[in-house]
Amino acid sequence: MILETMIPPEVKQIARDIRTMRIRGAGRIARGAAKALKLTAKTSSARTPREFMKEIDKVSSLLLATRPTAVSLPNAIRLITAWPKQAKNTDVQTLRKMIISRADEFIKNSKEAVTRIGEIGSQRISKGDVILTHCNSDCALAIIKRAFMRHKLTEVFVTESRPMRQGLISVRELTKAGVPTTLIVDSAVRYFIRDIDKVIVGADSIAANGAIVNKIGTSQIALVAHEARVPFFVAAESYKFHPDTLVGRLVKIEERDPKEIVDPKRFPRAKIRNPVFDITPPEYVDLIITERGIIPPSAAYTIIQDLFKWKS
Ligand code: RI2
């Protein structure tokens with residue numbers, strides 16, 4: 001039996017960091033999981049392939065239990081462990097090498113995908129555009145920064161993104177890159193929407209019907225953009241497409257500690273709810289920018305089937 005105590009402390013720390021959101025953002029979470037699997041493979045003292053794969057499974061379960069919504073996490077684990085899991089007549093050394101090289105490959109591809117999304121997406125920005133983004137998405141910011149470098153974009157509006165205020169991370173990053181940035185509270189989006197040419201957000205999961213699961217408040221912004229006829233773009237690597245939704249499973253929406261909103265002791269008679277993601281229907285999404293190209297939300301089904309070969 002593999003005991004919890006046998007999991008390397010650095011791996012437990014990564015799991016803790018994902019849970020507490022020290023490591024956050026769907027892409028970073030996936031790369032964190034890849035790093036954890038690599039560390040496990042490197043330090044394992046398993047004597048048999050069976051023992052080794054049990055350790056990998058144990059760590060996978062620990063990682064999967066951290067946050068439930070971003071499919072990048074299970075997809076990363078699946079992409080790294082699928083082969084080694086099927087390998088027959090192999091030894092521990094070969095399995096170790098497989099996990100390490102697949103984890104390295106995942107991290108490299110993931111970072112390259114973000115750069116590529118920036119490149120592809122920036123071509124959809126017109127000169128003088130004012131962009132609005134929500135929360136903090138590496139993919140969305142890659143497009144914005146690339147477009148700014150190409151002298152296309154004029155200004156970016158960033159929502160604060162309550163309760164964890166990840167919008168402030170975006171503001172820091174964008175101003176560091178020299179992008180003219182305006183911070184607004186989440187509820188000011190409709191007030192400013194007439195000043196906006198395009199909305200660009202990231203995604204934690206994309207369902208087979210093209211619905212987007214992203215930071216709470218995204219769907220309200222999409223609704224406002226739709227009403228004002230402002231194009232709504234989503235930027236996401238292909239490992240954010242959710243294979244389970246092919247068979248009608250719903251994406252679990254994470255509900256975090258109410259303390260992130262306010263100290264519940266101050267309102268002992270009130271119930272405080274803190275769902276941290278919501279679902280934007282595909283009708284409100286104009287296009288999805290991936291590292292493989294731009295697709296309409298209606299093509300999500302095909303992406304999951306063709307690119308991942310994860311058939312129902
Ligand atoms: P990238 C974040 O979730 C936000 O919802 C963001 O839009 C999404 O991940 C994708 O981020 P959280 O971890 O992978 O802050 O594009 O809850 O960086």
Side-chain angles (χ1 to χ4, degrees), residues 14-35 63-64 66-76 106-107 109-122 131-146 156 158-174 186 189 199-207 211-222 232-242 251-257 260-261 274-280 285 288-291:
I14 292 176
R16 243 190 322 269
D17 285 349
I18 295 176
R19 192 175 305 116
T20 56
M21 292 179 70
R22 276 181 60 139
I23 298 176
R24 55 143 298 279
R28 285 168 195 255
I29 289 172
R31 292 194 288 278
K35 190 173 161 202
L63 294 165
L64 288 169
T66 53
R67 294 189 71 193
T69 304
V71 74
S72 51
L73 174 59
N75 279 352
F106 179 86
I107 294 169
N109 289 346
S110 162
K111 288 182 178 165
E112 282 174 7
V114 176
T115 310
R116 184 99 191 97
I117 287 168
E119 196 55 50
I120 297 172
S122 65
I131 307 290
L132 177 116
T133 190
H134 182 51
C135 194
N136 176 253
S137 152
D138 281 346
C139 292
L141 292 201
I143 296 174
I144 293 168
K145 285 192 277 182
R146 190 81 194 99
V156 180
V158 180
T159 50
E160 179 193 23
S161 313
R162 283 276 292 154
M164 294 293 269
R165 308 177 89 201
Q166 293 98 318
L168 303 188
I169 306 171
S170 296
V171 169
R172 219 167 284 131
E173 204 176 319
L174 290 167
D186 302 350
V189 169
V199 176
I200 308 179
V201 297
D204 293 82
S205 284
I206 301 175
I212 307 296
V213 183
N214 193 48
K215 185 54 53 196
I216 192 82
T218 303
S219 68
Q220 282 179 11
I221 296 173
F232 186 91
F233 297 173
V234 175
E237 309 90 315
S238 34
Y239 56 77
K240 308 249 178 86
F241 288 82
H242 206 312
V251 178
K252 188 169 184 323
I253 300 295
E254 176 182 12
E255 213 167 311
R256 294 180 66 86
D257 195 327
E260 288 178 357
I261 299 177
N274 184 21
V276 297
F277 299 102
D278 66 17
I279 299 157
T280 301
V285 178
I288 304 173
I289 302 156
T290 80
E291 76 280 14

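Excluded from the calculations below are hydrogen atoms, water molecules and symmetry mates; all remaining heavy atoms, backbone and side chain alike, are included. For this chain, numbers begin at 1 and follow the sequence in order. In listed order, ligands and their atoms are each counted from 1.
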When you look for heavy atoms under 4.0 Å from ligand 1, do you find them on the side chain of Arg67, its backbone, both, or neither? side chain
Give the atom numbers and elements of ligand 1 that come within less than 4.0 Å of a heavy atom of Lys240. 1 (P), 14 (O), 16 (O)
Asp186 side chain vs Arg162 backbone, donor-acceptor pair below 3.5 Å: yes
Please check this pair: side chain of Arg28 against backbone of Asp138, looking for a donor-acceptor N/O pair closer than 3.5 Å. no
Can you confirm, on distance only, whether ligand 1 has an N/O atom lying under 3.5 Å from any N/O atom belonging to Gly25? yes
Does the pair Leu174 and Leu141 meet the rule for a side-chain contact (heavy atoms from CB on, under 4.5 Å), with working shown? CA-CA 8 Å; Leu174 290 167; Leu141 292 201; 4.0 Å; yes
Of all the non-hydrogen atoms in the protein, which one sits nearest to atom 7 (O) of ligand 1, and at what distance? Asn214 OD1, 2.6 Å
Using a heavy-atom cut-off of under 4.0 Å, does the side chain or the backbone of Ala203 touch ligand 1, or both, or neither? backbone
Are any of the N or O atoms of His134 closer than 3.5 Å to those of ligand 1? no
Output yes when Arg116 and Glu119 qualify as a salt bridge under the 4.0 Å nitrogen-oxygen rule, no when they do not. no
Counting both backbone and side chain atoms, is some N or O of Glu237 under 3.5 Å from an N or O of ligand 1? no
Are side-chain N/O atoms of Thr69 and Asp204 paired as donor and acceptor at under 3.5 Å? no
Checking side-chain hydrogen bond (donor to acceptor under 3.5 Å, both in side chains) against Asn274, which of Glu254, Arg256, Glu260 comes through? Glu260
For ligand 1, which atoms sit closer than 4.0 Å to a heavy atom of Cys135? 4 (C)
Kindly determine whether Thr290 and Phe241 satisfy side-chain contact (heavy atoms from CB on, under 4.5 Å), including the steps that lead there. CA-CA 10 Å; Thr290 80; Phe241 288 82; 3.9 Å; yes
Give a yes or no answer on whether the side chain of Thr133 reaches the backbone of Ile200 with a donor-acceptor pair at less than 3.5 Å. yes
Looking only at atom types and distance, does a side-chain atom of His134 sit under 3.5 Å from a main-chain N or O of Ile216, one as donor and one as acceptor? yes
shortest atom 8 (C) of ligand 1-to-protein heavy-atom contact is with Asp204 OD1, 3.3 Å
Closest approach of Asn75 and Tyr239, non-hydrogen atoms and distance? ND2-O, 2.8 Å
Relative to the heavy atoms of Ser137, which atoms of ligand 1 are at a distance of less than 4.0 Å? 1 (P), 7 (O), 11 (O), 16 (O), 18 (O)
Should the proximity of Val276 to ligand 1, defined as any heavy atom under 4.0 Å, be assigned to the side chain, the backbone, both, or neither? neither
Using a strict cut-off of 4.0 Å, indicate which atoms of ligand 1 neighbour a heavy atom of Cys139. 16 (O)
Side chain, backbone, both or neither: which applies to Gln166 and ligand 1 if a contact is any heavy-atom pair less than 4.0 Å apart? side chain
What atoms of ligand 1 come within less than 4.0 Å of a heavy atom belonging to Met21? 15 (O), 17 (O)
Quick one: does Met164 get within less than 4.0 Å of ligand 1, heavy atoms only? no
Contact atoms of ligand 1, heavy-atom distance to Arg24 under 4.0 Å: 2 (C), 12 (P), 13 (O), 15 (O)
Do any N/O atoms on Phe277 end up under 3.5 angstrom from N/O atoms on ligand 1? no
Nearest non-hydrogen contact to atom 1 (P) of ligand 1 from the set Ile169, Thr218, Asp138, Val114 belongs to Asp138
Quick check: does Gly27 get an N/O under 3.5 Å from an N/O on ligand 1? yes
Using a heavy-atom cut-off of under 4.0 Å, does the side chain or the backbone of Ala26 touch ligand 1, or both, or neither? both
